[in-house]
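Since the structure comes first, as structure tokens, the remarks are kept for the end.
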Amino acid sequence: MNKSQKLLIALLGVLLIFFGFVITRIGIAKPASTVKIAKIPAGEYDPAVWGKYYPLQYESYMKNSIMEPSPTGYGGSMKVQKSDMMPEIKTNFKGNPFSVDYTEDRGHVYAMEDIKETKRIGPKSPGACITCKTPYLEKFYQESGWGYAKMPFAQLADQVPSHGSISCANCHDPETMNLRVINPAFIEAMERKGINVTKASRQDMRSYVCGQCHAEYFFEPNTIRVVFPWDKGMKAGDMYAYYADKPGGFVQDWQHPDSKAAMLKAQHPDFETWSTGTHGKAGVACADCHMPYMRQDGQKYSSHVMTSPLKNLDAACGTCHTQGSDWLMDQVKTTQDYTFEVLHTAGQNVTRAHEAIKKASEVPNANQEELANARELVRKAQWYWDFVAAENSMGFHNPDQSLNTAAQANEMARQAIDAANRAAAINSL
Ligand code: HEC
Ligand code: HEC
Ligand code: HEC
Ligand code: HEC
């Protein structure tokens, strides 16, 4: 080999490394959906079967079984009672099963197990409760329409095999792998807002697949249909106004045994809170943070471990933010601490309001008009408190709105106490 041949080889080597690098970089920027599509037949709900064709996504989905605390101390993937941190849960939900058993959410693979175990579900529970736990929902709805909602829960749960917890078919069309939504309650609520989810953009679908379950709902009396109360808007006040119209004859979730107020229970309004927040309005999808792109053996894929993004902060936030992980972690933690502080105070004042109303109602000749006023105020205060407490991010999905909602809850709880004291003619000032 002469000198110029050696030079040529060296040059080729450099070029190879350079283009190799460029190709890899381009690979990172490309959407991951370049995977080879295997036509899985409709009605296949076993994730292990899907996993044969999509092993990286399946392996990462299986990691939803990992149980560990969140780095912030809020949320987390362990089955702990929420009332350990907020004891007011026990008094504010008195008379409702949530006062007895209200555990922190954990990974998707546990959804069926956890719903069967919870003390909130009994022999009388309706089939509607299965809506957000399994892809077999598609089958039940195809067979019976909304009729499934009225069937006994146990009868439906018995038809769901052990692989039947939330999985691939909840979010993907088996034949095309396109994202899809199967919860009819979400589809109907979006339709009422003028949105056809089958025509949604890919970026919108990256949130809709989560929003079909991570949302507020109620069971319509008589039909037991699942309804999302979104017709007047996505904030606590909008939904309170919607419930005030007694939709489909729905008045209350339960009556509080102390205050005798007609109460509402909020259910994880994650989608709603996110949609009116900084990231939601900027078009940052749930999947952008909760399903960041990963790389293994040169292949790029979306993480299917749906858990706290902070366990994987660089991948989850670093694609858009350059502030560094310490700053980001501190920002999240500060938001959550501030939210928790106001929320916890509000929750304790709601408890005091229930107690004050009980006391006032036992006073002979108590002013009935003021008592009714106090009951309306405690219902509203608790709804606002619960809207933030039942949401899963402790304020992060929408920091300023969460603080505002919790602060309003606190103020209304104080007003309820004042009204109760006026009813009993107690001078509290
Ligand atoms: C079919 C309904 C359904 C869909 C779809 C769904 N979830 Fe969930 N999700 C649940 C339920 C139910 C739980 C609680 C399971 C338990 O505690 O047993 C849960 C739990 C979680 C948790 C808590 C896990 C932990 O480690 O603490 C996160 C985070 C989460 N979901 C995010 C998402 C994201 C992001 C999406 C969309 C990409 C999504 N979910 C789609 C129903 C759903
Ligand atoms: C900008 C990033 C971002 C977006 C977008 C986002 N989240 Fe989150 N989410 C977070 C962070 C940060 C937390 C707090 C995690 C913690 O405390 O460890 C969180 C917490 C959660 C939790 C509770 C996890 C736990 O540990 O119990 C759930 C459930 C959840 N998000 C669902 C959603 C859903 C559904 C959407 C879309 C409607 C969404 N998130 C959009 C960043 C995001
Ligand atoms: C809670 C919803 C949800 C579940 C459950 C789910 N996926 Fe996904 N999946 C997504 C989202 C969101 C994307 C990103 C799609 C996009 O950006 O176009 C995705 C992407 C994919 C892709 C495209 C390549 C990639 O990694 O981005 C494949 C293949 C895939 N998922 C397979 C599976 C398999 C197999 C299962 C079951 C073991 C599964 N998914 C369960 C929501 C889900
Ligand atoms: C897809 C892009 C994207 C991702 C991923 C993302 N963000 Fe953001 N983030 C934004 C945009 C856009 C804004 C709006 C302000 C701006 O333009 O800088 C924002 C604003 C913020 C703010 C200030 C406003 C507020 O709501 O408090 C914080 C804090 C923040 N992001 C934290 C995070 C964290 C933590 C993660 C990861 C869990 C994350 N972001 C992931 C795009 C993103």
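Counting starts at 1 for both ligands and their atoms, in listed order.
Close contacts of ligand 4 with Phe396, meaning ligand atoms under 4.0 Å from a residue heavy atom, involve 32 (C), 33 (C), 34 (C), 35 (C). Remark: ligand 3 atoms within the under-4.0 Å shell around heavy atoms of Tyr301 are 26 (O). The atoms of ligand 4 that sit less than 4.0 Å from any heavy atom of Pro309 are 38 (C). Close approach of ligand 3 to Cys171 is summarised as follows: ligand atoms under 4.0 Å from at least one heavy atom of the residue are 1 (C), 2 (C), 3 (C), 4 (C), 5 (C), 42 (C), 43 (C). Shown in contact with Thr307 at under 4.0 Å from a heavy atom are these atoms of ligand 1, numbered in order with element: 25 (C), 26 (O), 29 (C). For ligand 3 and Ser167, the ligand atoms under 4.0 Å from any heavy atom of the residue are 5 (C). The ligand atoms of ligand 3 that sit less than 4.0 angstrom from a heavy atom of Arg202 are 16 (C), 17 (O), 18 (O). For ligand 3, the atoms closer than 4.0 angstrom to any heavy atom of Met177 are 28 (C), 29 (C), 30 (C), 32 (C), 33 (C). Ligand-side atoms of ligand 4 in range of Cys289: 41 (C), range being under 4.0 angstrom from any heavy atom. Counting the atoms of ligand 1 from 1 in the order shown, those under 4.0 Å from a heavy atom of His290 are 35 (C).
Under 4.0 angstrom from ligand 4, the non-hydrogen atoms of His321 all belong to its side chain. Only the side chain of Met291 comes within 4.0 Å of ligand 1, counting heavy atoms alone; its backbone N, CA, C and O stay farther away. In Asp105, the parts holding a heavy atom less than 4.0 Å from any atom of ligand 1 are both the side chain and the backbone. Counting heavy atoms closer than 4.0 Å to ligand 3, residue His172 contributes side-chain atoms (C-beta onward) but none from N, CA, C or O. Contacts of Cys317 with ligand 4, taken as heavy-atom pairs under 4.0 Å, involve both backbone and side chain. Of all the heavy atoms of Ser302, the ones lying under 4.0 Å from any atom of ligand 3 are found in both the backbone and the side chain. Contacts between Leu179 and ligand 3 below 4.0 angstrom, taking non-hydrogen atoms only, involve the side chain exclusively.
No option in Gln348, His344, His354 other than His344 meets the side chain to side chain donor-acceptor pair (under 3.5 Å) test with Glu88. Tested against Lys79 for a salt bridge (Lys or Arg N to Asp or Glu O under 4.0 Å), the candidates Glu104, Glu117, Glu68 yield a single pass: Glu117.
Taking backbone and side-chain atoms together, Cys320 has no N/O/S atom less than 2.8 Å away from atom 8 (Fe) of ligand 4. Backbone or side-chain N, O or S atoms of His108 reach atom 8 (Fe) of ligand 1 at under 2.8 Å. In summary, Cys213 places no N/O/S atom under 2.8 Å from atom 8 (Fe) of ligand 1, failing the contact criterion.
A 4.5 Å side-chain heavy-atom check between Tyr110 and Ser165 finds every atom pair outside the cut-off. Between Pro97 and Lys119 the shortest side-chain heavy-atom distance does not fall below 4.5 Å.
In terms of polar-atom proximity, Arg106 is counted as a contact of ligand 1, with an N or O under 3.5 Å from an N or O of the ligand. Residue Lys300 has no nitrogen or oxygen atom sitting less than 3.5 Å from a nitrogen or oxygen atom of ligand 3, judged on distance alone. For Gln212, no nitrogen or oxygen atom sits less than 3.5 Å from a nitrogen or oxygen atom of ligand 1, counting backbone and side chain alike. Considering backbone and side-chain N/O atoms, Lys133 never comes within less than 3.5 Å of an N/O atom of ligand 1. Ligand 1 has an N or O atom lying under 3.5 Å from an N or O atom of His214, backbone or side chain. Here's the thing with Asp114: one of its N/O atoms is less than 3.5 angstrom from an N/O atom of ligand 1.
Not close to ligand 3: Met205, with no non-hydrogen atom less than 4.0 angstrom away. At least one heavy atom of Ala111 sits under 4.0 Å from some atom of ligand 1. Using 4.0 Å as the threshold, Gly51 has no heavy atom nearer than that to any atom of ligand 3. Ligand 1 lies within reach of Gly76, whose nearest heavy atom is under 4.0 Å from it.
Using a cut-off of 4.0 Å between Lys/Arg side-chain N and Asp/Glu carboxylate O, Glu216 and Lys265 are scored as not salt-bridged. Note on Asp231 versus Arg192: salt bridge recorded, some NZ/NE/NH1/NH2 to OD/OE distance being below 4.0 Å. One finds a salt bridge joining Arg106 and Glu113 here, because a Lys/Arg side-chain nitrogen approaches an Asp/Glu carboxylate oxygen to under 4.0 Å. Between Lys139 and Glu143, at least one side-chain N (NZ, or NE/NH1/NH2) sits under 4.0 Å from a carboxylate O, which counts as a salt bridge. Using a cut-off of 4.0 Å between Lys/Arg side-chain N and Asp/Glu carboxylate O, Asp337 and Lys333 are scored as salt-bridged. Between Asp114 and Lys133, none of the side-chain N atoms (NZ, or NE/NH1/NH2) sits under 4.0 Å from a carboxylate O, so this pair counts as no salt bridge.
Closest to atom 42 (C) of ligand 4, if we only count protein heavy atoms, is Val284 CG2, 3.6 Å. Closest protein heavy atom to atom 25 (C) of ligand 1: Ser77 OG, 3.4 Å. For atom 28 (C) of ligand 1, the closest heavy atom belonging to the protein is Met306 O, 3.5 Å. The nearest protein atom to atom 11 (C) of ligand 1, hydrogens excluded, is given as Ile166 CD1, 3.8 Å; this is a heavy-atom distance. In terms of protein heavy-atom proximity, atom 19 (C) of ligand 4 is closest to His279 NE2, 3.4 Å. Ranking the protein heavy atoms by distance from atom 14 (C) of ligand 4 puts Thr278 CG2, 3.5 Å first. The nearest heavy-atom contact from the protein to atom 29 (C) of ligand 4 is Gln331 CG, 3.1 Å. For atom 12 (C) of ligand 4, the closest heavy atom belonging to the protein is Ala282 CB, 3.8 Å.
The nearest non-hydrogen atom to atom 32 (C) of ligand 4, considering only Leu328, Asp288, Val332, comes from Leu328. Of the candidates Glu59, His304, Gln57, the one placing a heavy atom closest to atom 40 (N) of ligand 3 is His304. Remark: among candidates Ala316, Pro399, Ala285, the nearest residue to atom 5 (C) of ligand 4 is Ala316, based on non-hydrogen atoms. Here the shortest heavy-atom distance to atom 34 (C) of ligand 1, taken over Ser165, Cys210, Ser70, belongs to Cys210.
Within a 4.0 Å radius of atom 23 (C) of ligand 4, the protein contributes no heavy atom. Within a 4.0 Å radius of atom 36 (C) of ligand 4, the protein has at least one heavy atom. Closer than 4.0 Å to atom 7 (N) of ligand 4 lies at least one heavy atom of the protein.
To the nearest 0.5 Å, the span separating CG on Leu310 from SG on Cys289 amounts to 9.0 Å.
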